[in-house]
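Computation of the quantities below employed the complete heavy-atom set of this structure, encompassing side-chain atoms and omitting hydrogens, waters and symmetry-equivalent molecules. So you know, we letter chains A, B, ... as the sequences are listed, proteins then strands, and number each from 1.
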Protein chains: 2
Amino acid sequence: MTVNIDLLIRKLQARHDLSREEESALRSIHWIERSFERNQVMVRGSDELHHSMLLLSGFVLRSKIAADGSRQIVETNVAGDFVDLHGFILKRLEHEISAASPCDVALAPHDDLRRITNAFPRLTRVLWFQTLVDASIHREWMLVLGKKRSRSRIAQFFCEMQARLKIVGLADANGYDLPFFQQELADITGMSPVHLNRCLKELRDGGLVTYRAGRVEIHELAKLGRDAQFDPAYLHIGHHEI
Amino acid sequence: MTVNIDLLIRKLQARHDLSREEESALRSIHWIERSFERNQVMVRGSDELHHSMLLLSGFVLRSKIAADGSRQIVETNVAGDFVDLHGFILKRLEHEISAASPCDVALAPHDDLRRITNAFPRLTRVLWFQTLVDASIHREWMLVLGKKRSRSRIAQFFCEMQARLKIVGLADANGYDLPFFQQELADITGMSPVHLNRCLKELRDGGLVTYRAGRVEIHELAKLGRDAQFDPAYLHIGHHEI
DNA sequence: TGGATTGTCTAACCTAGGTTACCCTGGCGG
DNA sequence: CCGCCAGGGTAACCTAGGTTAGACAATCCA
């Protein structure tokens, strides 16, 4: 039985109009399916990589650890994300990837990726684009972490997740499932769990959003966006000639 | 007279062993030379791009502006950097590029880049690699901005610049020229100019590093690195099979 | 049924770093 | 030669958010 990578194809198609050949090139990859449990480390930073991981379902966290042991989560990935595609080129990450929920992934051997990037330059650029959207998200979060207030930071995270999950049909304007502990939200937004909790309360009392039992209930998406000063341009959603 | 892109070739060679064909492909680009004065905006975030910019000399800053007008500098580029190579793929940045000193650049038309990425898949991966190092630097700075203390943040910046400038022969263990205002250092490290000044004083009084008149004098590189908890792995310096 | 464990929530206290306000210095133009 | 102005430096004060400590609620065994 073959691995179902329709989610990836759909996501790429939404932006770039893949040709029939490009699509079948992606399908020709010898995808290997694997599952992980919550909290399992999927890739250690020091590992040399021979596969890249397409996330089929679940949530993964990519995090860096400072010398004093504190953790900064540098990106959260959702179903449809090609989590460590950059590992195909870099070979070694300098961060760790772990499962924030039970996850199904499809592994693409780098040999296959090398084969198709040798044969399909335009498809190569499509894949390259994916990694650059990640970089764009990183830049936005440098702004968020460097300049925004704590409450705006979580508001921003909730907005970003809403936008990204909507693309793959896992969110609507009212909310979405997000199985994160408050400790994890704190490590995403660069603050202490105590203060994160304070901010969640403020957002809840303000009638913007409620986070409870692994679910984000959005009461006022527009207000939430204003609170975060959220501008989704950095996600580069929508059609893009390549 | 042709534009001198030896700096780029040397920098890429150091990591990836370009073939003769790949090197001449890069030289076949119709490079356009341009100069900018200090503070000139080189690329606005909203511009549609048709060229990417190789920095031949000088320093450039890439920055994002928050809704309240505050600025976060998301990367500083030095001579030899292919500043907005990601613009070749993304077509539109979501940040601004400006000259932090008088700058000479060489512009690569995207048509040429498309031509050589169509013909040289391995060279494509080499260019892709460059953009992924940027992403890796972004991730490190998410950790720095999210988790590190103010003094470590500047210490980290001085360490990173030392490492990056050394590659292109613009720094040694004792220091380097860096023509930034304190306001700019503050916007890089996500702090107020006043507090930045306090931290510079601490580093100076501690005998680690002195910043004065556009010059970084490093007194104790090892101590500085320890203060920053600096680990240059994220710069991916050194040879890399691709 | 009842302890143990894990996560959420809150209060009290404290500090890193922001803000405001001001002085000092050096370079530059008139 | 003098006044102006931009940038560097400091002091005094204030606040966002960190830290510590502990209560509470739900779940999971034994």
Review point. Under a 4.0 Å N-O cut-off, is there an ion pair linking K147(A) with D187(B)?
Key: yes

Separation of dA16(C) atom P from L196(B) atom CG, nearest Å, is 17 Å

Fill in: Salt bridge present between K64(A) and D231(B) (N-O < 4.0 angstrom)
no

Note: E202(A)-R204(A) ion pair, threshold 4.0 Å (strictly below):
no

- Query: Is the shortest side-chain N to carboxylate O distance from D205(A) to K201(A) below 4.0 Å?
  - Reply: yes

- Decide, yes or no, whether a salt bridge links E184(B) with R38(B) under the criterion of side-chain N to carboxylate O below 4.0 Å. yes

Next on the checklist: I'd like to know if K11(A) pairs up with D6(A) as an ion pair, taking the criterion as any Lys NZ or Arg NE/NH1/NH2 lying under 4.0 Å from an Asp or Glu carboxylate oxygen.
Outcome noted: no

Ordered by number, residues from residues 143-150 of chain A within less than 4.0 Å of DNA chain C (heavy atoms) are none

F181(B) CZ to dG27(C) C1', in whole Å, measures 13 Å

In terms of heavy-atom contacts, D47(B) and R92(B) come closest through O-CG, 3.5 Å

### Query
Is a salt bridge present between K166(B) and D172(B), judged by a nitrogen-to-oxygen distance below 4.0 Å?
no

Less than 3.5 Å apart, any donor N or O on the side chain of S136(B) or E94(A) sitting next to an acceptor on the other? yes

I'd like to know whether CD of E48(A) has more than 12 heavy-atom contacts from other residues, nucleotides or ligands below 6.0 angstrom. yes

Under 4.0 Å between any heavy atoms, over every strand shown, what does G214(A) touch: base, sugar-phosphate, or nothing? Just pick one. nothing

Pull out every protein N or O sitting under 3.5 Å from an N or O of nucleotides 23-29 of chain D, one pair per line with the distance.
none

Whole-Å distance, Q183(A) CD to dT6(C) C1', equals 13 Å

To the nearest angstrom, the CG-P distance between L203(B) and dG9(D) comes to 13 Å

Rounded to whole Å, the NE2-P distance (H195(B) to dG8(D)) equals 17 Å

- How far apart are the C-alpha atoms of H138(A) and H86(A), what are their side-chain angles, what is the distance that settles it, and do they pass the ring pair (Phe, Tyr, Trp, His ring centres under 6.0 Å) test? CA-CA 14 Å; H138(A) 295 337; H86(A) 57 305; 7.8 Å; no

Applied to residues 172-194 of chain A, the ring-ring contact (aromatic ring centres under 6.0 Å, His included) test, sequence neighbours excluded, yields F59(A)-F180(A)

The reported gap from NE2 in H95(A) to CZ in R44(A) (rounded to nearest 0.5 angstrom) is 14.0 Å

Close N/O contacts between protein and nucleotides 9-14 of chain C (under 3.5 Å):
unit_1  : atom_1 : unit_2  : atom_2 : d
dC9(C)  : OP2    : Q182(A) : NE2    : 2.5
dC9(C)  : OP2    : N197(A) : ND2    : 3.3
dA12(C) : N6     : R198(A) : NH1    : 3.4

Axis-to-axis angle across the helix from dT1(C)-dA30(D) to dG30(C)-dC1(D), five pairs each end, nearest 10 degrees, ~ 30°

What residues 57-78 of chain B contributes to the DNA chain C interface at heavy-atom separation below 4.0 Å is none

Between R164(A) and D81(A), is the closest basic N to carboxylate O distance under 4.0 Å?
yes

Would a distance-only check, ignoring hydrogens and angles, find a side-chain to backbone donor-acceptor pair under 3.5 Å from D104(A) to S57(A)?
no

Paired with I154(A), the side-chain contact (heavy atoms from CB on, under 4.5 Å) test is passed by just one of I188(A), L200(A), L224(A), namely L200(A)

